[in-house]
Amino acid sequence: MPTLTSIKKRPASRHLGRPTPELIFGDLWEFDPAPETADPRLKARYDLFIGGKFVAPSSGKYFDSINPANETKLAEIAHANAADVDAAYAAAKKAFDTTWGKMPGRERAKYLYRLARLLQDRAREFAVAETLDGGKPIKESRDFDVPMAAAHFFYHAGWADKLDYVAPGRSVAPLGVVGQVIPWNFPLLMLAWKIAPALAMGNTVVLKPAETTSVTALKFAELIQDAGLPPGVVNFVTGFGDTGAAVMGHPTAAKVAFTGSTEVGKIIMRSLAGTDKKMTMELGGKAANIVFDDAPIDQAVEGIINGIFFNQGHVCCAGSRLLVHEPIAERFLAKLKTRIKTLRVGDPIDKNTDIGAINSKEQLATITRLVGVGVKEGAVMFQPACKLPAKGYYFRPTVFSGVSMSHRVAREEIFGPVLSVLTFRTLDEAVEKANNTAYGLSAGVWTDKGSRILKMSTELKAGVVWANTYNKFDPTSPFGGYKESGFGREGGRQGLLDYCKLV
Ligand code: NAP
Ligand code: MG
């Protein structure tokens, strides 16, 4: 229950002795702690998952996965070397040749449905594990990550017996073994985006999660065992960049799928040039969220907040640039700041938390450095005066105004809760500024005019354009980038096409 301590401290309003809305929303109400208490059922140590079994790494080495909310050790994770990656590919190849690759789609579908339902059954436990390992607020892992991951398995289970309709007039066949590497911002959801279409199509998988967030993949391995998937259909090798490079470069991989930074994506592409591996790359972004003067202002403020502060801004398609129409710029910014002051930053396991912990010490250092660059370059910084927990990795929601396109905060992906605000006068100027980036993953448009939405969605060079909303996802919608945001699509029929050959 909220207590009104902070309101009591304020002077009485001129109006009927009640606090004005400005006073109420200008400050935080004190909430009692409301931690989620479900048991995440974690093991103290996780081995590699190869051939349907948990196996110790051949090096005998383990590293710690940390809870970024309080810097405590959560579990030990195995470090896979090249020999372990070899073993994982051998298991995947065997499964492809002997069971999974030959199985009728309608049979594969049963396993995918089973995985989706098992994940739903243990949803609360997975949400808590995701939050403890990665730092995202429990209300996001509970209401978004886990249900959306289950939805991807359901959706692709539905495709598995209808693959004749993926490419009308053509037949499709699986590629073989696919190697997949994923980042730390949506660990379980990225795993679902990668595994579900690959399996539906009849491929087998070797996947490496990010080093700071391997726990939910390894818990998912338990579901794979419970679902009775043939051994080797899915294999998880945990570790650092060296493990990732071994997964991407392995000769057995018929296709590699990578989600992560543009920098590492380029390294992988260079290393695979000249091979016949198929590739999809889901890389970085620097999206513009564009607000016209006829937009529903309060809705747009919420959309901008959701676009950049969702998951601490650890979102490739985050609306990290706000382009606001000049006539409303001042009013819009004032409303935005008032709303930001009410965001709760703190313990991610608390159900009231809006902004949780930054995923790692390294990422916190990167955000801090780039924000310092913004200040040095002369942008005007706003941060609310909220208190941060004494331990753990936290960063206040930050807004830079007075930004121009030459500022680094307007060009570089910060991957944190940092918004850069620019203004525009005409539609053409908005398009020009939005497209003036090396990336092209997503964009948002806020306006009352349908014709303007259609025009903007044609002109904006971005894989997704949201209109009067932001960060909405659905397994049926393909997701992917233009330019340095990558190539290939995940989700929908298009996503399946990236996991098959046409015969
Ligand atoms: P990252 O540093 O590129 O790492 C991504 C993954 O690649 C991690 O598993 C990482 O392992 C591994 N890796 C590192 N070096 C490698 C190498 N040489 N060869 C193969 N794998 C290697 O990215 P991140 O910092 O984890 O994630 C943030 C980035 O991902 C952002 O740029 C974001 O925009 C992007 N992202 C894009 C999408 C999309 O759909 N377009 C979605 C989510 C995130 P370690 O963890 O052990 O370093
Ligand atoms: Mg962790």
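Residue indices begin at 1 and follow the sequence shown. Whatever order the structure lists them in is the order used to number ligands and atoms, beginning at 1.
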(message) Taking E71 first and then K361, would you say they form a salt bridge - that is, a charged N and a carboxylate O separated by under 4.0 Å?
(response)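 Result for this pair is no, no salt bridge flagged.
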Can you see whether [X] engages [Y] through a side-chain donor-acceptor pair at a distance of less than 3.5 angstrom?
X	Y	value
T280	D498	no
T262	E484	no
D133	S65	yes
T259	K194	yes
Y62	D47	yes
W466	N471	no
S360	T212	no
H79	D84	no
D347	T353	no

Tell me the protein heavy atom at minimum distance from [atom], and give that distance in Å.
atom	answer
atom 36 (N) of ligand 1	C316 CB, 3.4 Å
atom 27 (O) of ligand 1	P183 CB, 3.4 Å
atom 32 (O) of ligand 1	E413 OE1, 2.7 Å
atom 25 (O) of ligand 1	W184 NE1, 3.2 Å
atom 45 (P) of ligand 1	E211 OE1, 3.2 Å
atom 22 (C) of ligand 1	V264 CG1, 3.6 Å
atom 23 (O) of ligand 1	S261 N, 3.3 Å
atom 40 (O) of ligand 1	E282 CB, 3.2 Å

Show me which atoms of ligand 1 lie under 4.0 Å from any heavy atom of [X].
X	answer
A245	19 (N), 20 (C), 21 (N)
T259	5 (C), 36 (N), 37 (C), 38 (C), 39 (C), 40 (O), 42 (C), 43 (C), 44 (C)
A210	9 (O), 46 (O)
G239	47 (O)
V181	6 (C), 7 (O), 9 (O), 12 (C), 21 (N)
G244	19 (N), 20 (C), 21 (N)

With respect to [X], determine whether any N or O atom, backbone or side chain, lies less than 3.5 Å from an N or O atom of ligand 1.
X	result
L441	no
N185	no
K208	yes
L283	yes

(request) Would you kindly specify which portion of I182 sits under 4.0 Å from ligand 1, judged on non-hydrogen atoms: side chain, backbone, both or neither? (result)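 It is the backbone that touches ligand 1; the side chain stays farther off.
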(request) Taking atom 4 (O) of ligand 1 as the reference point, report whether a protein heavy atom occurs under 4.0 Å from it. (result) no
(request) Among I308, D354, I367, find the one that has a side chain to side chain contact (heavy atoms under 4.5 Å, CB included) with P417. (result)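 With P417 as partner, I308, D354, I367 yield a single side chain to side chain contact (heavy atoms under 4.5 Å, CB included), made by I367.
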Does at least one non-hydrogen atom of [X] fall below 4.0 angstrom from an atom of ligand 1?
X	answer
P209	yes
C317	no
F479	yes

(request) Give a yes or no on whether the backbone of A434 and the side-chain of R321 come within a donor-acceptor separation of less than 3.5 Å. (result)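 Flag set: sc R321 to bb A434 pair under 3.5 Å.
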(request) Work out which heavy atom in P183 is nearest to a heavy atom in A210; give both atom names and the distance. (result) C-CB, 3.6 Å
(message) Taking the ring of W100 and the ring of Y111, is the distance between their centroids below 6.0 Å?
(response)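 So the answer is yes for these two rings.
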